[in-house]
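Just below is one structure, and these are the notes that go with it.
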Amino acid sequence: MIQRGEPVHSCLSGHLRFMKNIAPAIFPPNGIGDTEPTNQAVLDWVHEIGKLTKPENIFWCDGSERENEFLIAESLKQNVLIKLNEKRVPRSYLHRSNPNDVARVEKVTFICTPTKEEAGPTNNWSEPAETYSKLYGLLNGAMRGRTMFVVPYIMGPPDSPLTKVGFEITDSKYVVLSMRIMTRMGKIALNRLGNDPKAEWNRGVHSLLDVDPDRRFICHFPQDNTIISVGSGYGGNVLLSKKCLALRIGSYLARKQGWMAEHMLILGVESPEGKKHYVAAAFPSACGKTNFAMLIPPAHFKGWKVTTVGDDIAWMEIRDGRLFAVNPENGYFGVVPGTSYKSNPNAMKSIEHDTLYTNVALTDDSDVWWEGKDGAPPKHAIDWRGNDWTPDSKEKAAHPNSRFATPMRNNPALDPNVEKGEGVPISAIIFGGRRSDTVPLVYEAFDWTHGVYLGATMASETTAAAAGAVGKVRRDPMAMLPFCGYNIGDYFRHWIDIGKRLTSPPLIFNVNWFRKGANGKFLWPGFGENMRVLKWIIDRCEQNGGAVESPVGWLPTPHDLDLEGLDIDHTRVADLLGIDHEEWQKELAAHKTFFDSLGGVVPEELQKQCEQLVARFKE
């Protein structure tokens, strides 16, 4: 077991063992896999990694339809993919990962900065030179008998000033196929990069090795704009564009360059009168982020429209004193279990075709199934491990963290401004976690710095999206605990500094859809009904929504929330909005414990916010 802060080199033992070739080389016909970039810096780097990993051949990806069809055909031959029922889920496939490799693994995720202080108290740190040396040892000859794919991609709309270029080298066909869905991949990246050997671009190296948990490391070198991931074939560990570049390296670059890289969805809300606002929201994994990003307003909100800009990551910059956001991604990588026409109709429509599923169940007629899907479970299926499954089986048919990767174009509620290079203006920022008690349904921060405090102290009960115990309350500042690529104290400071540069800052709110009553059941119906909370947030942005002052912030009264048509009694609403002083004394103590655990890096402004909150409860 790797302890937090223990360097990579102390976790590696023995020599490179003989590796079974789990990714045999493929040999493309002429015209496929031969689009070499012209940038000499890229060519030199690929040559260097090729010399190290010794692949059978190099495949230069261009993201074309012809290339994609060839890769799918080869993946079917090698059982990397299973073809799904063409009538039920057209052009869609199932991939099964190794059962030891089903989630992000934070304990083997490292930030490799020159000093430990730069990585800070919330990251595992490893010394760069030693880490490179050990990783290169693991990569030595790792692609023998395999094809080395070179994937050029951009994160961000093609003409955005925030857009970043990345190259991922990988020996996994699943990674290439997923990157084509999740990023804008191919010639678009080569054009954006151009020929300047000094241009900024991210270097990503991934190898499956032999998918052994003891030789699994995801290492980030922020100063070098480099990521190296070995020993995993699972999404978040190997799609290096996503959490690795867009958040861990992205947050480091954002601080250096004066913008923000955040673990946030972005949605548009338009009233029947045509007035539109954009909102960014940070929720930890599996707290309903995708559901909220694709929300369909209930019948009572006829004429209101909610559109999706992004479901996971927001890159934001300041312009004219306001925050503007883009979604750097091109697809959705969502948790499947629990997704249904009841919980998220837009997600269901998005994954009806052209989708790559990972670790869901396969029915006898080659359809996909998972726990929480509409209708009765199949009488028989093959579970995510490849075993027979029936409704009487003790095991789940789909892994709790099984995933879909689907192009954002599939989303019927895609926002028309999603490709806008300058981004969309943000009216409100929402923080939220999964809390069964203490935290009210919604409240508003008194000002920007108080809002930063809400984000810095947010917490959630853990879920299956990260390996580890389920159901424990863990502090997850801004939902960035696993994703901040530098010292968390400097990250908080960056948020405070951004506020000083904003003349029209977004209002900041905290929500909690997951509060439970004395009977242990959820008090709030959630899903589409969250529109009622969103409507109050928009009212506050337009300065016409009512609220009462409380120690934690501005709270709506039951009359301020539009609850018409919702079967919910006053007692439940009072419970949802209530502040239990005894529970909050525990919460305040937990805030202090959390700040203390960070060892003196928390900015003074946030320490003061903590003191003021304690004082307000005494008034």
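Heavy atoms only: backbone and side chains are in, while hydrogens, waters and symmetry mates are out.
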Practice prompt. Just grab all the ring-ring contact (aromatic ring centres under 6.0 Å, His included) pairs involving residues 525-544, residues at least two apart or on different chains.
Written response: Phe509-Trp536

Practice prompt. Please check if the side chain of His220 supplies one atom and the backbone of Pro222 the other of a donor-acceptor pair under 3.5 Å.
Written response: no

Worksheet item: Do Trp304 and Lys535 touch side chain to side chain, with heavy atoms closer than 4.5 Å?
Response: yes

Practice prompt. Under the side chain to side chain donor-acceptor pair (under 3.5 Å) rule, what do Thr557 and Asp560 come out as? Steps first, then yes or no, please.
Written response: CA-CA 5 Å; Thr557 68; Asp560 297 322; 2.9 Å; yes

Worksheet item: Under the criterion side-chain contact (heavy atoms from CB on, under 4.5 Å), which of Ile313, Ile227, Leu240 is the partner of Leu245?
Response: Ile227

Item to complete: Kindly say whether Phe110 contributes a backbone atom to a donor-acceptor pair with the side chain of Asn124 at under 3.5 angstrom?
Response: no

Fill in: side-chain hydrogen bond (donor to acceptor under 3.5 Å, both in side chains) contacts in which one or both residues fall within residues 314-327, not counting sequence neighbours
none

Discussion item. I want to check something: taking the side chain as every heavy atom from C-beta on, are Leu267 and Thr308 in contact at a cut-off of under 4.5 Å?
Written reply: no

Item to complete: Only pairs at least two apart or in different chains count here, so list each side-chain hydrogen bond (donor to acceptor under 3.5 Å, both in side chains) that has a residue in residues 440-451.
Response: Glu444-Arg540

Discussion item. For Asn346 and Asn411, which I'm curious about, is there any donor-acceptor pair between the side chains at under 3.5 Å?
Written reply: no

Worksheet item: If only atom types and distance count, is the side chain of Asn237 paired as donor or acceptor with the main-chain N or O of Ser232 below 3.5 Å?
Response: no

Worksheet item: Can you list every pair that meets ring-ring contact (aromatic ring centres under 6.0 Å, His included) and has a residue in residues 566-587, with sequence neighbours left out?
Response: His581-Phe617, Trp584-Phe617

Discussion item. What verdict does the side-chain contact (heavy atoms from CB on, under 4.5 Å) test give for Leu441 and Leu561, after you've listed the backbone C-alpha separation in whole Å, the side-chain angles of each residue and the deciding distance to 0.1 Å?
Written reply: CA-CA 11 Å; Leu441 176 65; Leu561 293 173; 4.1 Å; yes

Please report, to 0.1 Å, the donor-acceptor pairs under 3.5 Å made by any side chain of residues 544-554, with sequence neighbours excluded.
| from | atom 1 | to | atom 2 | distance (Å) |
| --- | --- | --- | --- | --- |
| Ser550 | OG | Val552 | N | 3.2 |
| Ser550 | OG | Gly553 | N | 3.3 |
| Ser550 | OG | Gly553 | O | 2.8 |

Discussion item. I need the full list of side-chain hydrogen bond (donor to acceptor under 3.5 Å, both in side chains) pairs touching residues 259-273, with sequence neighbours left out, sorted by first then second residue.
Written reply: Lys243-His263, Gln257-Trp259, Glu262-Tyr491, Glu262-Trp495, His263-Lys289, His263-Asp312, Ser271-Glu273

